[in-house]
Amino acid sequence: MKKEFFLIALGAIMMLTACEKIVIPEDEEASPIPTGELDGSAQLMISTRTGGGDNNAVAEGRIYIFNQAGSCVQMLSTDEDDNSAVAHLAAGSYSLYAVGGDDLSRFVLPTQNNATTTSVITRQEGKVMDDLLMKKADVVLEDGESTNLNMALEHKVLAISEVEIKKVPTDVTNVEVALMPLYSSIRLDGVYPDTPTESYKIALTKQDDGKTWKALPNQMLFPSKGTPTIKISFTTAEGTQGYSYTASEELPANHYVTISGTYLAAQGVNITGILTSSDWGDPITITFDFDDDDNTLYTPVANKYCNGYYVLSVDESNRTAVLLAKSTVSYDVPASSTNNVAGTSALTTAMTSLAKPTGISNNWRLPTEAEIQLLLSNSKLAKLTPSGNTSALYYQNGDNPGWMYAHYNEKGSYTFQNGTGFYSSVYLWPVINISY
């Protein structure tokens, strides 16, 4: 997939129109065009390529020419029909910055008037990333000389060619893979700004064997900022299960990337990421394993399970959720049912000893009144006794704990009953806040 383009000779007229346009007032006679950077005594013939001949010429290109003062004195443009250019310049030193690709309209490029060597190039809003090649060269021009300059452009993006997850459980209804963090822009001098970054997410499609999920995006992206994280999300009727793992090395530009993972029912997921060069750069192979003990990706949905935890509620605007502990927690019942200090301390001690969800730093807490009612209104969570009552559960009732249970009638409707005090018949079922 090597692409190349050649810029050889445009001519003086095209060079004048590519640069600053000279307007002559109607009431004045035309004066000669001044000599200098627009029409100098030195000729620079520029050829930009990626190597291998001109059979794979890049469809579009721009070359920004800067003088020693840092001003962009000319900007040359090429296309597939005429991929050549020549610059007539005054003697002196210049820096050339070339940008090429199949479709440069996908990018926000600087104009000649606002171009600097640190101008930022980004993807156009609503556009899909395409190939982007760049190169810098310095040249010194002498009076009366014709100079040829060959610039070998380099790919500044990577390509995600294939993403595959194998041995996916049959009850999984959706598989997504995300890659992050990735650079989201590049400067004209080839430097990637540290911020902002972005992520790439892709939904996979179930294959005929029913266990393999795959996508062939052939998607161009800027390289990773540092070592990237691969996140995998499985969705079932019960909720989501996610995995999040960090690669051992960066994903650089100029490579094709294949990510192939295998889910191991007992051990988690084994992921192999392979960078293949096609005919871009030298091949790099990254292999890594992960299982259920690794950091977990959370994609909570209200009233569903997320990584084994029931999701009581989700605030999508703030990307927060409330998870219910996997089971009730035992605690030491105080000697006196009316001793709020001893009772609160006993509940807090029990919640402190409870293991938190992977990657979550918040503490377990008692449900609010609204949250305990959500829990009790779900008969699958709050099991009913033959009398139609649920077990009583603690909740935060103002400054002190209280308890509540629900009574279901024969028609399935329910009412809530609450009280205070600490009794062995009242269960502790804490919740925890997470951000995702």
Side-chain angles (χ1 to χ4, degrees), residues 165 168-169 171-181 196-204 213 229-245 263 268-269 292-329 347 351-352 354-383 390-391 393-397 401-402 404-406 412 414 416 427-436:
I165 304 295
V168 177
D171 63 339
V172 171
T173 58
N174 186 64
V175 178
E176 283 189 344
V177 175
L179 185 65
M180 63 188 71
T197 58
E198 62 185 9
S199 61
Y200 173 68
K201 181 183 293 185
I202 185 168
L204 309 189
W213 292 67
T229 296
I230 297 173
K231 295 187 176 184
I232 303 167
S233 177
F234 291 165
T235 301
T236 67
E238 293 296 320
T240 59
Q241 183 74 27
Y243 306 88
S244 177
Y245 307 92
Y263 178 75
V269 178
D292 290 336
D293 293 330
D294 291 307
N295 290 335
T296 307
L297 167 69
Y298 292 90
T299 52
V301 178
N303 303 317
K304 298 286 187 179
Y305 283 90
C306 178
N307 300 334
Y309 295 92
Y310 186 80
V311 182
L312 271 184
S313 63
V314 174
D315 183 345
E316 294 183 355
S317 60
N318 293 315
R319 296 186 63 82
T320 59
V322 178
L323 303 184
L324 183 66
K326 292 183 178 180
S327 62
T328 57
V329 180
L347 298 181
M351 290 187 289
T352 301
L354 179 63
K356 301 175 184 179
T358 303
I360 302 303
S361 60
N362 292 332
N363 296 321
W364 292 103
R365 61 174 176 81
L366 291 178
T368 64
E369 183 176 3
E371 290 167 347
I372 204 68
Q373 290 180 354
L374 279 176
L375 195 163
L376 293 173
S377 63
N378 187 333
S379 59
K380 293 182 179 179
L381 295 174
K383 302 300 182 182
T390 67
S391 297
L393 300 171
Y394 287 111
Y395 72 100
Q396 192 65 42
N397 183 20
M404 184 181 296
Y405 69 91
Y414 51 83
F416 297 113
Y427 291 88
L428 170 61
W429 204 347
V431 298
I432 196 168
N433 296 80
I434 69 166
S435 298
Y436 65 94

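Not measured: the values here are computed from a predicted model. We count residues from 1, following the sequence as given. Heavy-atom basis, side chains included; hydrogens, waters and symmetry copies ignored.
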For the residue pair [X] and [Y], establish whether any side-chain heavy-atom pair is separated by less than 4.5 Å.
{"X": "W364", "Y": "V329", "value": "no"}
{"X": "M180", "Y": "T197", "value": "no"}
{"X": "N363", "Y": "T352", "value": "no"}

Spatial distance of atom [atom1] ([X]) from atom [atom2] ([Y]) [nearest 0.5 Å]:
{"X": "T236", "Y": "Y305", "atom1": "OG1", "atom2": "OH", "value": "11.0 Å"}
{"X": "L347", "Y": "Q396", "atom1": "CG", "atom2": "CD", "value": "9.0 Å"}
{"X": "L376", "Y": "S391", "atom1": "CG", "atom2": "OG", "value": "9.0 Å"}
{"X": "I165", "Y": "W213", "atom1": "CD1", "atom2": "CH2", "value": "11.5 Å"}
{"X": "I232", "Y": "L204", "atom1": "CD1", "atom2": "CG", "value": "8.5 Å"}
{"X": "L179", "Y": "T229", "atom1": "CG", "atom2": "OG1", "value": "8.5 Å"}

For residues [X] and [Y], report the shortest heavy-atom separation together with the two atoms involved.
{"X": "V301", "Y": "V311", "result": "O-CB, 3.3 Å"}
{"X": "Y298", "Y": "T358", "result": "OH-O, 2.7 Å"}
{"X": "A325", "Y": "W429", "result": "O-NE1, 2.8 Å"}
{"X": "S435", "Y": "T320", "result": "OG-CG2, 3.9 Å"}
{"X": "R365", "Y": "N433", "result": "NE-OD1, 2.7 Å"}
{"X": "G242", "Y": "N307", "result": "N-OD1, 2.8 Å"}

(request) Evaluate the side-chain contact (heavy atoms from CB on, under 4.5 Å) criterion for residues L393 and Y427: first the C-alpha distance (whole Å), next the side-chain angles of each, then the deciding distance (0.1 Å), finally the verdict. (result) CA-CA 5 Å; L393 300 171; Y427 291 88; 3.5 Å; yes
(message) I'd like to know whether N303 forms a side-chain contact (heavy atoms from CB on, under 4.5 Å) with Y310, so could you lay out the CA-CA distance, the side-chain angles of the two residues, the decisive distance to 0.1 Å, and finally the verdict.
(response) CA-CA 7 Å; N303 303 317; Y310 186 80; 3.2 Å; yes
(request) Carefully, step by step, assess S313 and D315 under the rule side-chain hydrogen bond (donor to acceptor under 3.5 Å, both in side chains). (result) CA-CA 7 Å; S313 63; D315 183 345; over 6 Å; no
(message) For a side-chain contact (heavy atoms from CB on, under 4.5 Å) check, start with the C-alpha distance between Y263 and Y243, then their side-chain angles and the critical distance, and finish with the verdict.
(response) CA-CA 11 Å; Y263 178 75; Y243 306 88; 3.3 Å; yes
(request) Could you tell me whether the side chain of T235 and the main chain of T173 form a donor-acceptor pair under 3.5 Å? (result)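 It does not hold such a pair.
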(message) Closer than 3.5 angstrom, by distance alone: can the side chain of S233 be matched with the main-chain N or O of E176 as a donor-acceptor pair?
(response)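 Side chain of S233 to backbone of E176, a donor-acceptor pair under 3.5 Å: no, none is there.
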(request) Answer yes or no on whether K326 is positioned over the face of Y309, meaning its NZ or CZ is under 6.0 Å from the six-membered ring centre and within 45° of the axis. (result)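 Here K326 passes the 6.0 Å and 45° test against Y309.
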(request) Apply the test side-chain contact (heavy atoms from CB on, under 4.5 Å) to residues M404 and E369: give CA-CA distance (whole Å), side-chain angles for both, the deciding distance (0.1 Å), then the verdict. (result) CA-CA 9 Å; M404 184 181 296; E369 183 176 3; 3.9 Å; yes
(message) Quick check on K356: does its NZ atom have over 12 non-hydrogen neighbours (other residues, nucleotides or ligands) under 6.0 Å away?
(response)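 Atom NZ in K356 is crowded, with more than 12 foreign heavy atoms closer than 6.0 Å.
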(request) Check the surroundings of atom OH in Y436: do more than 12 heavy atoms from other residues, nucleotides or ligands lie under 6.0 Å from it? (result)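 Result for OH/Y436: enclosed.
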